[in-house]
K.L.:
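The structure follows.
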Amino acid sequence: MKAVQSFLWGCLLLVISVGGHAQSDTSFWFAAPAVTPGHSDTPIVVRLSSYAQAADIIISQPANPSFQPYHIHLNPYAATTVDLTGQLEIIENKPANTVLNYGIRISATAKISAYYEVEGKRGTTYYNPEIFSLKGAISKGLQFMIPGQTRFPNGSYTPQPRNGFVIVATEDNTSVDISLTNPDMAGHSPGQLFTIVLNKGQTYAVVAAGIAGNLHLAGSSVKATKPVCVTIYDDSIGPLTGCRDLVGDQLIPENSNGKEFIIVRGMLTVDGTVGDYYYILATTDGTTITINGTIAATINRGQIYEGLLTDPSAYIVTSNPVYLYQLTGTGCEMATANLPSIKCTGSQLVTFVRSASTPFYLNILCRNTETGSFLLNGQAGIITASLFNAVPSTNGQWMAARISGANLGNIDNLITPGVPTVVSNTSGLFHLGFLNGASGSVFGYFSNYGNINISPVVNSTQCVGSDIQLSSTLISNTTYQWKGPNNFTSNQYNPVISNPTAVNSGTYYVTASQQACGNFTDSITVTVHPVPTVTLKGSDTICYGASKMLTLQLTGSPPWSLLYSDGTGTDTLTHITASPYTVSYTHLTLPTIYSV
């Protein structure tokens, strides 16, 4: 018989996405705080939720070969909880002031949301819980300041709970300068600069020496030569008598902070005072703070302004970027989060997982034009405009909702623990967080902390002569302008390059313009590869029952896929990365035609 040459090939488009930071991401770094077991520090879990694409996820410790990785598969819009408690001793960062190999990395094949949770319970009762919402790429940076509360002490337990922060390096040979506002357990004095060096995945915890609120480390600074992530925590805080609770969050770097914020009050009541505390940390000297239209203070870098929110919401504007840290809770049980700026940030779709069946409060912030466009798990008419109230001093432009059983009676049936919840808006961006708890509280925000994310991609894998489909994130009330090689232009968010050739290879820029936000530009680099060919070399006659080694000469760019047939069936060879490629054929059928 004779082998007749034909072929089926794969093509490759090299796509590099630049920019595009969001709290949903494919890579997260985290350094876990050491929480006192004398109050409660277990179980520790990671809660994961997916978006429109299935995701294969790995939880690892790149610097620690003794860590047993976790492998998870999530279908689209699915969720799972991964219990890490069995490896707690190599996850919590203790002892302090020591370089450890305990940095956690979560990597996924598609965008997910993730948060780390200390459930802090004994039996079915929550004593010391908190969630740390992981923020993906935007959490990595070179310069951070440490926000925090200065009012409440750590409780008395054994071991003694404390305030602190933990640093994880994302690259080798990272030098980190640290300057503190109060002494730490290692004896570093306020203002004394000290330096540590970390490799990828290594961590370092700094722990306050004092337990009184005014002796904590708020206002301290961290400066690194390569990107790091920082976790803050304050273990078992509360009033002088009564409740105690773990609080904390993962930070964003100084250059990702904003100047415009909305605070939605939770359910905190401390010593008869109903209201939330908030702490504004200046990153620049001469920062003016305006609250609901009235100037409240001017502070310098490293100084902190404490406020008390007794109204349903407040509008905060500062003259320079700041950290805004909200201390809220249920009853006297506390929880905290570093709040996102509302200026040109937010998400059109957020997935999250409710932690517990205890009382649940959903916070949503948006412009007044978006209140009627929300979907809950794809269903309209649940999150309605009637649930929103105007934020003071915004001329009705900004609206806030605190949704609970009090104004949405069946919320516990709509948003259930352990099940993915999807909130989306068909007309614009919003911010979303939740407060959950009773005997202990957790609090976090899950929407995009970064500026508008247009994330250009190529949605096709065609070769020369086949159309190339470009795409960016579709954002309501936004105009788009693409520019690229060979005088390419388009004002669509998802343009097509028809019948491309090599001259269409290069960098494509897309600019998204939104009123009151300005212009945001992102880019991708596309390489259009020629159509591959395959040539069969060697003997083209194979006798019945015999085998032959045939050599295939391939052109184009790897990897290649080949489809071959013996006339009665087909098979596929994939992931061929080198040419020439040798394959063995055995003739076991009656005379037929082979094709490849």
Side-chain angles (χ1 to χ4, degrees), residues 15 17 20-32 42-88 90-92 101-119 131-140 166 168-171 200-201 203 227 229 231 249-250 347 349-355 377 416-424 432 434 442 444-450 453 455 457 473 575:
V15 181
S17 179
H21 295 168
Q23 193 158 350
S24 62
D25 216 323
T26 57
S27 179
F28 303 82
W29 286 91
F30 181 67
T42 60
I44 54 171
V45 303
V46 170
R47 302 195 193 274
L48 306 167
S49 56
S50 59
Y51 288 79
Q53 293 180 300
D56 291 306
I57 304 163
I58 300 175
I59 303 174
S60 63
Q61 284 189 343
N64 186 4
S66 66
F67 183 84
Q68 297 298 312
Y70 301 82
H71 296 262
I72 305 102
H73 176 79
L74 283 182
N75 291 324
Y77 295 113
T80 192
T81 297
V82 182
D83 192 333
L84 309 182
T85 311
Q87 299 191 82
L88 180 144
I90 56 172
I91 291 177
E92 290 195 341
N101 296 325
Y102 296 169
I104 293 173
R105 187 184 182 193
I106 302 173
S107 57
T109 57
K111 283 192 174 184
I112 60 171
S113 290
Y115 69 85
Y116 177 89
E117 180 172 1
V118 180
E119 291 192 353
I131 59 176
F132 297 79
S133 63
L134 307 189
K135 299 173 179 65
I138 199 173
S139 67
K140 297 195 297 184
V166 194
V168 58
T170 67
E171 297 181 21
K200 183 177 181 179
T203 55
C229 296
T231 305
D249 202 358
Q250 184 179 57
S347 303
L349 185 147
V350 175
T351 70
F352 65 92
V353 181
R354 177 177 174 176
S355 295
N377 295 323
T416 55
V419 176
T421 297
V422 181
V423 176
S424 58
L432 180 147
F434 73 72
V442 301
Y445 269 80
F446 297 87
S447 41
N448 177 17
Y449 277 59
N453 172 17
S455 299
V457 296
T473 303
H575 304 298

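We're numbering straight along the sequence, starting at 1.
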K.L.:
Using only atom types and a distance under 3.5 Å, with no angle test, would you say the side chain of Glu119 pairs donor to acceptor with the backbone of Val45?
P.N.:
no
K.L.:
Grab the two heavy atoms, one from Ile58 and one from Pro69, that are nearest each other, plus how far apart they are.
P.N.:
CG2-CB, 4.4 Å
K.L.:
Tell me if a side-chain donor or acceptor on Gln250 pairs with a main-chain N or O of Trp29 at a distance below 3.5 Å.
P.N.:
yes
K.L.:
Does any N or O in the side chain of Thr170 come within less than 3.5 Å of the main-chain N or O of Pro227, such that one atom is a donor and the other an acceptor?
P.N.:
yes
K.L.:
Take Ser24 and Tyr51 through the side-chain contact (heavy atoms from CB on, under 4.5 Å) test and state the conclusion after the steps.
P.N.:
CA-CA 9 Å; Ser24 62; Tyr51 288 79; 3.6 Å; yes
K.L.:
Would the distance check show the side chain of Gln61 and the main-chain N or O of Tyr102 forming a donor-acceptor pair, the cut-off being under 3.5 Å?
P.N.:
yes
K.L.:
Mind checking whether Tyr115 and Phe352 have ring centres under 6.0 Å apart?
P.N.:
no
K.L.:
Evaluate Asp25 against Ser27 for side-chain hydrogen bond (donor to acceptor under 3.5 Å, both in side chains), listing each step before the verdict.
P.N.:
CA-CA 6 Å; Asp25 216 323; Ser27 179; over 6 Å; no
K.L.:
Is there a side-chain contact between Asn377 and Tyr77, using heavy atoms and a 4.5 Å cut-off?
P.N.:
no
K.L.:
Quick one, Tyr70 with Leu48, criterion side-chain contact (heavy atoms from CB on, under 4.5 Å). Give me CA distance, side-chain angles, the key distance, then yes/no.
P.N.:
CA-CA 12 Å; Tyr70 301 82; Leu48 306 167; over 6 Å; no
K.L.:
Over all heavy atoms of both residues, which pair between Ser66 and Asn64 is shortest? Give the atoms and the distance, please.
P.N.:
OG-OD1, 2.6 Å
K.L.:
Could you check Ile112 against Ile106 for side-chain contact (heavy atoms from CB on, under 4.5 Å), going step by step and ending with a plain yes or no?
P.N.:
CA-CA 10 Å; Ile112 60 171; Ile106 302 173; 4.2 Å; yes
K.L.:
Step by step, work out the side-chain contact (heavy atoms from CB on, under 4.5 Å) result for Phe67 and Asn101.
P.N.:
CA-CA 10 Å; Phe67 183 84; Asn101 296 325; over 6 Å; no
K.L.:
Within the structure provided, determine whether Ser355 and Phe434 are in side-chain contact (heavy-atom separation under 4.5 Å).
P.N.:
yes
K.L.:
Looking only at heavy atoms, what is the nearest atom pair of Ala110 and Ala54, with distance?
P.N.:
CB-O, 3.4 Å
K.L.:
Check whether any side-chain N or O of Ser447 sits under 3.5 Å from a backbone N or O of Ser347 as a donor-acceptor pair, and report yes or no.
P.N.:
no
K.L.:
With no hydrogens and no angle check, is any side-chain donor or acceptor of Ser133 less than 3.5 Å from a backbone partner on Tyr445?
P.N.:
yes
K.L.:
Taking all atoms of both residues into account, what is the closest heavy-atom pair of Val353 and Ala79, and its distance?
P.N.:
CG2-CB, 3.6 Å
K.L.:
Is the backbone N or O of Ala31 less than 3.5 Å from a side-chain atom of Thr231, with the two atoms forming a donor-acceptor pair by type?
P.N.:
yes
K.L.:
Which heavy-atom pair separates Gly136 from Ser139 by the least distance, and what is that distance?
P.N.:
O-OG, 2.6 Å
K.L.:
For Ala32 and Val166, which heavy atoms make the closest approach, and how far apart are they?
P.N.:
O-CG2, 4.1 Å
K.L.:
State whether the side chain of Thr351 and the backbone N or O of Thr421 hold a donor-acceptor pair below 3.5 Å, judged by distance alone.
P.N.:
no
K.L.:
Could you measure the distance from the CD atom of Gln87 to the CD1 atom of Ile104? Nearest 0.5 Å is fine.
P.N.:
9.0 Å
